[in-house]
Number of protein chains: 4
Amino acid sequence: MQESNTRQKILLASRMLFAEKGFHKAKMEEIAEAAGVGKGTIYDYFKSKKELFETMIKDIANEFKSVFIEKIGEERDFESKLKKLAELKFEINKSHIYIESLVFKNLSSFDEELLEWLKDFREKMIGFIADIMCEGIKGGHIKDVNPKLAALIYLGGAHLLSHYICEQEKDEYESMKNEGLELLHEITFRGLGK
Amino acid sequence: MQESNTRQKILLASRMLFAEKGFHKAKMEEIAEAAGVGKGTIYDYFKSKKELFETMIKDIANEFKSVFIEKIGEERDFESKLKKLAELKFEINKSHIYIESLVFKNLSSFDEELLEWLKDFREKMIGFIADIMCEGIKGGHIKDVNPKLAALIYLGGAHLLSHYICEQEKDEYESMKNEGLELLHEITFRGLGK
Amino acid sequence: MQESNTRQKILLASRMLFAEKGFHKAKMEEIAEAAGVGKGTIYDYFKSKKELFETMIKDIANEFKSVFIEKIGEERDFESKLKKLAELKFEINKSHIYIESLVFKNLSSFDEELLEWLKDFREKMIGFIADIMCEGIKGGHIKDVNPKLAALIYLGGAHLLSHYICEQEKDEYESMKNEGLELLHEITFRGLGK
Amino acid sequence: MQESNTRQKILLASRMLFAEKGFHKAKMEEIAEAAGVGKGTIYDYFKSKKELFETMIKDIANEFKSVFIEKIGEERDFESKLKKLAELKFEINKSHIYIESLVFKNLSSFDEELLEWLKDFREKMIGFIADIMCEGIKGGHIKDVNPKLAALIYLGGAHLLSHYICEQEKDEYESMKNEGLELLHEITFRGLGK
DNA sequence: AATGAATGAGTATTCATTCAT
DNA sequence: AATGAATGAATACTCATTCAT
């Protein structure tokens with residue numbers, strides 16, 4: 001019934017260490033130690049480091065899914081659901097173990113210096129877009145909103161949209177792109193408009 | 001005048017290989033071969049694999065910045081600028097060498113299987129949100145738009161917003177979060193509203 | 001109880017190989033093979049090649065010290081002690097693992113040819129000094145002893161004396177040098193005198 | 001007639017660098033730089049690093065030989081010659097480029113820490129022998145001399161003697177050893193005796 | 001079921017040497 | 001005669017994985 005206590009300890013320890021150090025820098029020995037088991041024991045439950053990592057990722061993803069569906073399911077109407085969704089995004093990001101940072105954050109593989117540089121770079125790019133928003137506000141094209149927040153929302157929308165559509169098949173790409181861009185701009189300009 | 005041809009060859013080859021295989025799987029020997037130079041030559045120009053990687057990242061980032069600023073600078077009015085911005089996002093993603101995939105794409109470190117699973121997972125999450133959009137359309141709360149595209153735009157906006165705000169200092173966090181969520185919803189509901 | 005058998009095997013194998021080939025020419029792989037362990041195992045016991053080397057040197061030095069103190073401690077009177085000391089010097093040199101040859105013998109880094117040349121050179125220098133001894137014997141200044149052996153004893157005394165004193169502080173140097181030279185000559189001329 | 005100026009510059013630079021850093025740590029590039037020539041130029045004069053090293057060693061040895069023979073040749077009588085010899089030993093050691101330190105001093109390959117440890121170790125061994133000398137003085141067996149200096153002279157004599165004899169053929173060894181030890185002790189006890 | 005000592009394949013890096021100019 | 005950019009063989013070291021206990 002207890003779904004092997006040892007297995008769970010290993011999974012939990014690996015989640016912490018992979019999150020903190022990334023796939024390559026997290027050592028099996030450390031994970032074993034953090035889980036309070038011997039190195040060999042991990043291999044009684046998982047075939048390899050990769051399998052451990054993948055199992056952990058899928059576990060987290062499924063947990064998230066459950067929480068998402070449950071929490072959003074509790075909301076009755078359309079608007080509340082979307083609002084709940086955005087709020088959950090904040091909670092998940094705050095929790096520091098959302099999947100992206102686990103799959104992708106081999107951040108820690110690199111120097112603080114590079115990370116700092118990249119953060120700084122992103123800050124400048126966002127500032128650049130915020131400036132455009134300012135222009136829109138001054139020019140009377142849009143309402144007087146916080147330009148940086150508007151920039152983030154717009155950029156995030158454009159980013160996920162393009163990222164997703166770029167993965168589509170060649171023949172669907174063009175039409176999806178046009179439709180997507182049109183919708184993005186409609187939403188943005190009507191949404192921000194006076 | 002030519003800013004060291006060899007250095008550029010190495011940088012270009014490393015860009016290709018790091019993009020294709022990620023930091024850890026790209027071997028110095030391969031990079032040297034791809035650049036058409038000897039292994040040791042790389043070390044005449046870069047102190048270490050890390051330095052090579054960082055230099056390449058920063059180079060790309062700066063190239064992007066130049067393109068962004070130039071292309072968007074060519075546009076005259078506010079709306080055109082934002083539209084150009086979204087289009088550039090598509091071009092960059094298409095080009096497969098945008099920074100995120102370079103810093104984070106230790107994707108290739110993992111099995112196709114996991115990547116597929118994650119893609120599938122994301123697809124389901126987006127489908128889940130698209131379903132909410134459908135509800136909104138059927139319920140007459142929003143216009144009859146492509147629900148998946150709307151889901152992507154909303155989710156992307158929520159994601160970058162929360163991601164950015166979660167990195168802020170504790171005392172700024174709460175007010176930014178509230179202001180951000182409010183703006184996100186105002187844009188979304190007005191933008192999508194009939 | 002057994003002070004890690006593996007560690008001892010590694011230490012012993014490294015002693016053999018460092019003695020035979022010097023620090024640089026002795027390869028970790030060879031040492032591992034000679035010790036009958038895997039390459040990685042050495043690193044479970046020693047942080048680096050340097051640490052292995054240093055540990056080995058200190059071990060040998062301490063063994064020597066023990067033997068010296070024990071053997072000489074067994075002798076009762078002053079003369080026997082000094083005589084024992086000189087005998088031990090022979091045994092140690094015969095054993096081929098005395099520290100000097102381990103720390104300094106990067107001999108093996110070089111061609112037999114250079115070594116031969118240097119040996120030959122030294123032979124000539126000793127012959128040169130032996131000739132001076134011959135002169136002393138013929139001139140009736142000293143007893144009729146083996147001139148080469150006398151040369152070796154004198155030269156060795158002069159060498160260690162100067163070597164040691166040259167390492168002293170500037171202000172002690174002059175007086176030590178004078179006292180040392182005077183003593184050396186008093187011993188030599190009285191010791192060799194008729 | 002000028003025996004190639006470039007060749008001499010290289011030889012001089014290599015002497016400095018090999019003396020300072022030892023064979024392995026002295027880099028050809030540094031030597032070239034110190035000599036004020038290009039890396040490739042060294043190879044116009046010397047076939048390899050080893051050949052450069054060997055040439056340099058032999059040059060120094062021959063210089064020494066010349067100085068030795070000349071200076072000692074200037075002295076007229078037996079005693080003065082030996083005294084001059086010991087003095088030259090000091091000068092040579094002081095000059096820091098005597099052959100031993102060049103062939104053997106891969107000292108610099110190792111940590112200051114090990115060198116310090118070995119120096120300390122030697123100091124203790126010499127102290128140990130000096131204590132025996134003290135015993136001899138107190139017991140009235142020898143004159144009241146500086147015990148440490150006496151220890152150095154005795155130990156040096158024993159060292160070179162044993163070192164040299166240990167290199168001899170097996171059948172000569174025993175008789176040389178006995179004769180050598182007897183002479184060493186006769187010199188020492190008569191030389192130090194009251 | 002659990003362990004951890006032992007393993008060795010795999011890789012970044014160094015530096016003596018070459019050779020086109 | 002002189003150069004120094006380019007080379008690649010050689011090697012210390014890491015860490016996921018195994019297996020005897």
Side-chain angles (χ1 to χ4, degrees), chain A residues 4-7 10 23-33 35-53, chain B residues 4-7 9-10 23-33 35-52, chain C residues 4-7 9-10 23-33 35-52, chain D residues 4-7 10 23-33 35-53:
Chain A
S4 179
N5 192 249
T6 305
R7 194 186 143 93
I10 294 167
F23 181 77
H24 287 285
K25 289 230 170 163
K27 307 301 169 204
M28 290 302 263
E29 189 146 22
E30 292 175 315
I31 294 172
E33 195 186 16
V37 302
K39 241 180 308 174
T41 307
I42 299 181
Y43 289 86
D44 289 340
Y45 293 93
F46 305 92
K47 222 170 56 222
S48 66
K49 189 185 188 181
K50 192 144 68 176
E51 197 190 280
L52 171 59
F53 182 80
Chain B
S4 179
N5 194 251
T6 304
R7 193 186 143 94
K9 280 194 295 181
I10 293 166
F23 181 78
H24 288 286
K25 289 233 168 161
K27 305 302 168 204
M28 290 303 264
E29 190 145 21
E30 292 176 315
I31 294 172
E33 196 185 15
V37 302
K39 231 179 318 171
T41 307
I42 300 180
Y43 289 88
D44 287 342
Y45 293 91
F46 304 94
K47 226 175 44 232
S48 64
K49 190 182 189 182
K50 190 145 71 177
E51 197 189 278
L52 172 58
Chain C
S4 180
N5 194 250
T6 305
R7 193 185 144 94
K9 278 194 295 182
I10 293 166
F23 181 78
H24 289 285
K25 289 230 168 162
K27 305 302 168 205
M28 289 304 263
E29 192 145 20
E30 291 176 315
I31 293 172
E33 196 186 13
V37 302
K39 230 181 319 169
T41 307
I42 300 181
Y43 290 88
D44 287 342
Y45 293 91
F46 304 93
K47 225 173 47 231
S48 65
K49 189 182 188 183
K50 189 145 70 175
E51 197 190 279
L52 171 59
Chain D
S4 179
N5 193 250
T6 305
R7 193 185 143 94
I10 294 167
F23 182 77
H24 288 286
K25 290 228 169 163
K27 307 303 169 202
M28 289 303 263
E29 190 146 20
E30 293 175 315
I31 293 171
E33 195 185 16
V37 302
K39 240 180 309 174
T41 308
I42 299 181
Y43 288 87
D44 289 339
Y45 294 92
F46 303 93
K47 222 170 56 222
S48 66
K49 189 184 188 183
K50 192 145 65 177
E51 196 189 281
L52 171 59
F53 182 80

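Remember, it's a predicted structure, so these values are computed and weren't measured experimentally. Numbers restart at 1 for each chain; the letters A, B, ... are given by sequence-line order, proteins then strands.
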Gap between atoms [atom1] and [atom2], on [X] and [N] respectively (whole Å):
X	N	atom1	atom2	answer
D:R7	F:dA1	CZ	C1'	15 Å
B:K50	E:dT11	NZ	C1'	16 Å
A:E51	F:dT17	CD	C1'	14 Å
D:I42	E:dT18	CD1	C1'	14 Å
C:N5	E:dG4	CG	P	20 Å
A:I10	E:dA1	CD1	C1'	11 Å
B:I31	F:dG8	CD1	P	17 Å

Name the residue closer to the 5' end of DNA chain F, choosing between D:V37 and C:E29 according to the nucleotide with the nearest heavy atom.
D:V37

Return the minimal non-hydrogen interatomic distance between [X] and [Y], and the atom names on each side.
X	Y	value
C:G36	C:K9	O-NZ, 4.5 Å
C:K49	C:M28	CG-SD, 3.6 Å
A:I10	A:I42	CD1-CA, 3.9 Å
A:K27	A:H24	NZ-O, 2.9 Å
D:K25	D:E30	O-OE1, 3.7 Å

Heavy atoms from C-beta onward define the side chain here; which of [options] lies closest to that of [X]?
X	options	answer
C:D44	E:dT7, F:dT3, E:dA16	E:dT7
A:M28	F:dC13, F:dA16, E:dT7	F:dA16
B:K39	F:dA12, F:dA10, F:dT3	F:dA10

Describe the nucleic acid contact of [X] in one word from base, sugar-phosphate, nothing, applying a heavy-atom distance below 4.0 Å.
X	answer
C:K27	sugar-phosphate
C:K49	sugar-phosphate
C:Y45	sugar-phosphate

In terms of the nearest nucleotide of DNA chain E, which residue is placed more toward the 5' end: A:G38 or C:G36?
A:G38

On the nucleotide [N], are OP1 or OP2 found under 4.0 Å from the side-chain N or O atoms that [X] carries?
X	N	answer
B:Y43	E:dT14	no
B:S48	E:dA12	no
A:T41	E:dT3	yes
A:T6	E:dA1	no

Under a 3.5 Å cut-off for both contacts, is E:dG10 paired Watson-Crick or G-U wobble with anything, and if yes, with which nucleotide?
F:dC13

Across every strand shown, the nucleotide meeting Watson-Crick or G-U wobble geometry with F:dT21 (both distances under 3.5 Å) is E:dA2

From OG1 (D:T6) to CG (D:D44), nearest 0.5 Å:
9.5 Å

